[in-house]
Amino acid sequence: MWEAWRHAWSGWQGFIDGGKLAALFLAAEGYLLWNGRRRGPGRRLAVYGGIAGLLCIVPVTAALLMEYQTSFYDYPWIWSIVPFTALIALGGTVFLTERWKTGTGYRSFVYNGVLTLLCVGALVLCGSLGGRPKDTPLYVFDGSGETIWRREDADAVLEELTPLYAKEEDGGRQGFCLWAPREILEYARSERGDIRLLYGRNMWDLSLNAYSYDTCSQDRQKLYDWMEHLTDYQRNVGEAEGIEYVGMAFSLGADCVLLPGSMQGWNPKETDWGQYNVEVTDLGQYYLLRQG
């Protein structure tokens with residue numbers, strides 16, 4: 001349960017980091033709820049929105065809502081119960097309408113015009129502030145935060161693989177099937193369309209499975225779980241274990257395997273691969289494994 005609460009709270013933090021419309025929502029809610037002069041449907045909408053928004057923010061109730069909608073959907077989807085846009089629009093409309101009704105004369109007109117422009121500017125800015133720039137870190141691994149991978153790092157690794165598999169065949173390039181850590185697979189297809197993956201994004205983004213009856217095999221699920229735990233410094237990898245999983249990947253059609261160079265307890269270069277006839281290249285950050 002504690003894990004569900006933590007996930008809900010981190011979801012809220014990510015939600016407000018992705019844009020500042022949540023601040024406008026709370027401001028509109030406060031104005032509509034505490035403005036006692038307005039009654040009717042608008043106020044009832046504000047009361048409902050306030051209660052629904054509170055349920056989405058408090059970790060305990062947010063975790064229950066996330067459990068109800070199933071793990072196929074991430075935290076932002078629970079906000080579908082909140083009339084988010086309608087309440088921001090209603091709050092801004094009521095506020096500006098009441099401001100324009102007060103005062104007469106040139107000074108009041110200029111003041112209200114500037115205020116309106118400022119409100120529109122705040123609305124535009126709040127929709128994009130907090131977005132992640134392209135050059136900011138995307139993932140932090142190894143538990144200590146010392147190793148930060150960027151998209152450029154994944155691109156550089158894929159560039160090293162391209163000469164090994166880029167062959168002219170029937171007027172085009174011959175692709176290869178790749179098994180690698182998630183931070184590489186995330187961008188592999190965007191860099192080269194002829195790369196095939198042992199499994200896709202739906203392995204870590206479960207929401208992509210929401211409308212599909214197709215599921216990955218148990219072997220592919222085991223390969224994903226094993227690969228994503230290789231950078232765990234609390235865990236030592238045995239040689240027999242490594243040979244078993246790499247062999248499973250090759251049997252499922254992988255042509256190329258990338259293993260993190262930081263994994264503990266096992267060095268693929270010093271391994272007797274026997275029947276698999278594997279060629280190992282040390283790329284520094286990764287070990288590249290190919291069948292001869």
Side-chain angles (χ1 to χ4, degrees), residues 1-132 205-212:
M1 179 57 71
W2 171 252
E3 181 64 22
W5 295 350
R6 187 191 64 79
H7 190 193
W9 180 245
S10 63
W12 163 248
Q13 292 177 315
F15 186 68
I16 60 178
D17 282 344
K20 304 305 178 187
L21 284 178
L24 283 182
F25 166 74
L26 295 175
E29 269 295 316
Y31 183 77
L32 292 171
L33 290 175
W34 296 109
N35 185 0
R37 291 174 294 174
R38 298 195 63 87
R39 302 291 177 182
R43 185 166 180 81
R44 291 196 293 271
L45 178 65
V47 171
Y48 165 75
I51 295 174
L54 188 65
L55 293 177
C56 293
I57 295 173
V58 176
V60 177
T61 52
L64 292 176
L65 289 173
M66 291 174 67
E67 181 67 21
Y68 171 75
Q69 72 177 1
T70 74
S71 59
F72 286 135
Y73 301 96
D74 296 328
Y75 172 84
W77 287 92
I78 67 176
W79 281 86
S80 60
I81 69 171
V82 183
F84 199 77
T85 306
L87 281 168
I88 293 177
L90 178 62
T93 301
V94 171
F95 173 72
L96 292 176
T97 299
E98 294 187 348
R99 285 303 314 168
W100 279 96
K101 285 182 179 179
T102 61
T104 57
Y106 176 75
R107 287 189 176 181
S108 178
F109 177 82
V110 172
Y111 174 82
N112 289 330
V114 171
L115 182 62
T116 301
L117 292 176
L118 290 176
C119 290
V120 173
L123 179 64
V124 172
L125 291 176
C126 286
S128 58
L129 290 182
R132 185 180 59 210
D205 188 354
L206 296 181
S207 64
L208 298 177
N209 292 317
Y211 303 105
S212 174

Open item on the list: Using 0.5 Å steps for rounding, measure from the CG atom of L65 to the OG atom of S80.
Closed with: 9.0 Å
Task: Which atom of C56 lies closest to which atom of Y75, heavy atoms considered - done: O-OH, 2.6 Å
Task: side chain to side chain contact (heavy atoms under 4.5 Å, CB included) partners of A28, counting only residues at least two apart - done: none
Task: Main-chain N/O of R43 paired with Y48 side-chain donor or acceptor, under 3.5 Å - done: no
Open item on the list: Just verifying a value: how many Å separate L33 CG and L87 CG, rounded to the nearest 0.5 Å?
Closed with: 9.0 Å
- [ ] Can you label the angle between the F25 ring and the F84 ring as parallel, tilted or perpendicular, going by 30° and 60°?
- [x] parallel
Open item on the list: Going by side chain to side chain contact (heavy atoms under 4.5 Å, CB included), name the residues that satisfy it together with T61, two or more places apart in sequence or in a different chain.
Closed with: L55, V58
- [ ] Output the distance between atom CD (E29) and atom CG (L45), rounded to the nearest 0.5 Å.
- [x] 8.0 Å
- [ ] Would you please name every residue forming a side chain to side chain contact (heavy atoms under 4.5 Å, CB included) with L26, sequence neighbours left out?
- [x] I57
Open item on the list: If you compare all heavy atoms of P83 against all heavy atoms of G49, which two are closest, and at what distance to 0.1 Å?
Closed with: CD-CA, 4.2 Å
